[in-house]
Visitor: 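Got a structure here, written out as structure tokens. Questions coming.
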Amino acid sequence: MAEKVLVTGGAGYIGSHCVVELLEAGYHPVVIDNFHNAIRGTHGLPESLQRVQKILGKEIEFEEVDLLNKDALSSLFDKHKFSAVLHFAGLKAVGESVEKPLLYYKVNLTGTIHLLEVMSSHGVKKLVFSSSATVYGDPKYLPIDESHPVGGCTNPYGKTKYFIEEMIKDQCKAEGDWCAILLRYFNPIGAHVSGRIGEDPQGIPNNLMPYVSQVAVGRREYLNVFGNDYNTPDGTGVRDYIHIVDLAKGHIAALKRLETSSGCKAYNLGTGVGYSVLQMVKAMEKASGKEVPYKIVARREGDIATCYADPALAAAELGWKAEYDLDRMCEDLWRWQSHNPTGFSTEH
Ligand code: UFG
């Protein structure tokens with residue numbers, strides 16, 4: 001019998017790509033989502049998961065559950081015997097978190113507390129948490145390894161990631177048979193090779209590559225480049241972009257690791273290579289064959305100059321390494337964007 005894994009927030013960009021990898025690896029994912037950031041399809045399923053079903057020809061078990069509803073969560077755990085939990089659910093917009101800090105603390109922290117409580121009361125003790133390189137704050141050295149100090153986050157979203165990491169660490173200390181892995185993502189981009197699922201931000205994209213791909217497809221006129229006076233080779237911000245499928249595979253490696261490890265441990269999921277905003281624009285122009293006009297504007301508050309991972313620990317202990325290069329990230333992103341100019345609401 002396939003191991004049942006609960007996937008919270010599994011209809012979103014990262015969650016849906018992980019569901020694909022879980023199914024391919026022989027797990028039985030049970031997905032919950034509250035549709036905050038997912039489009040409804042038919043038969044009660046999110047559109048993203050309906051498309052995953054089509055890609056793989058497999059059924060996905062889904063329930064609409066909000067982590068703030070602890071009773072509903074508890075009933076779900078009564079119904080299924082989960083061997084582990086992949087926890088993605090949460091709010092994720094940096095700017096919105098500055099305007100609505102309490103909403104972010106309520107949803108991200110309370111949701112996670114409910115999850116940990118219900119796991120504990122049902123004897124489910126293995127957890128993979130969707131964390132972020134944002135917990136490192138402004139890097140003190142590069143590349144960033146997992147021993148880099150954490151907690152210097154400047155916005156409520158980032159702080160929730162940091163606080164949740166701390167809660168999970170404390171829980172693993174308090175109940176010695178718990179085992180958790182914190183995956184610190186760098187900048188996930190791209191899409192599944194089928195071009196049927198991908199990132200579909202609501203409204204104006206906050207992140208670089210969804211914006212760039214919307215310019216390439218003609219949905220937006222030009223890109224605003226937030227500053228070209230950073231201390232980087234071309235003056236624009238440098239980040240460690242990682243293919244979403246590589247990132248998703250990192251979760252399978254983490255789940256495997258949970259079978260034999262104990263305690264709580266953090267791993268970077270990145271490539272170890274940094275690219276500037278202008279390099280990303282050029283790479284997308286090459287992949288799409290379209291021009292991506294841009295304007296240089298003021299720096300965005302809270303942005304750092306450069307950020308890239310030292311991914312050696314994940315290679316050594318999880319046996320995981322990112323495989324796809326930048327060209328492939330942009331080709332796959334373009335396939336998704338050009339086939340679905342308006343995201344999941346595009347009719348096929
Ligand atoms: N950028 C632009 N124009 C845009 C959007 C972004 O020039 O329209 C630039 C940014 O200034 C930055 C780079 O592109 O130099 C990447 O920006 P993103 O918003 O795509 O990514 P960030 O690295 O700022 O943020 C990401 C995640 C956050 C996470 C953070 C730190 O989106 O969730 O990494 O790990 F907190």
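Predicted, not measured: the structure shown is a model, and the values here were computed from it. Start at 1 and go down the list; that is how both ligands and their atoms are numbered.
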Visitor: Are Asp246 and Lys249 within salt-bridge range, i.e. N to O under 4.0 Å?
Guide: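 Looking at Asp246 and Lys249, the cut-off is not met.
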Visitor: Run the salt-bridge test on Arg51 and Glu47 with the 4.0 Å N-O cut-off and return the result as yes or no.
Guide: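 Salt bridge flag = yes for Glu47 with Arg51.
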Visitor: With hydrogens left out, which residues have an atom under 4.0 Å from ligand 1, given that only heavy atoms count?
Guide: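 Only Ser132, Ala133, Thr134, Tyr157, Asn187, Asn206, Asn207, Leu208, Leu223, Asn224, Val225, Phe226, Gly237, Arg239, Tyr241, Val277, Arg300, Asp303 have heavy atoms that fall under 4.0 Å of ligand 1, ordered by chain and number.
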Visitor: Within the 3.5 Å criterion, strictly below it, is a donor on Thr346 or His339 matched to an acceptor on the partner's side chain?
Guide: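 No, because no side-chain N or O of Thr346 sits under 3.5 Å from a partner of the opposite role on His339.
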Visitor: Hey, are Glu96 and Tyr104 close enough side-chain-wise for a donor-acceptor pair under 3.5 Å?
Guide: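 Yes, a side-chain donor-acceptor pair sits under 3.5 Å.
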Visitor: Will you find, in the side chains of Tyr267 and Glu317, an N or O donor that is under 3.5 Å from an N or O acceptor?
Guide: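 Note: Tyr267 and Glu317 side chains meet the donor-acceptor criterion.
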Visitor: Is the ring centre of Phe62 less than 6.0 Å from the ring centre of Phe35?
Guide: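 Centroid distance Phe62-Phe35: below 6.0 Å, so yes.
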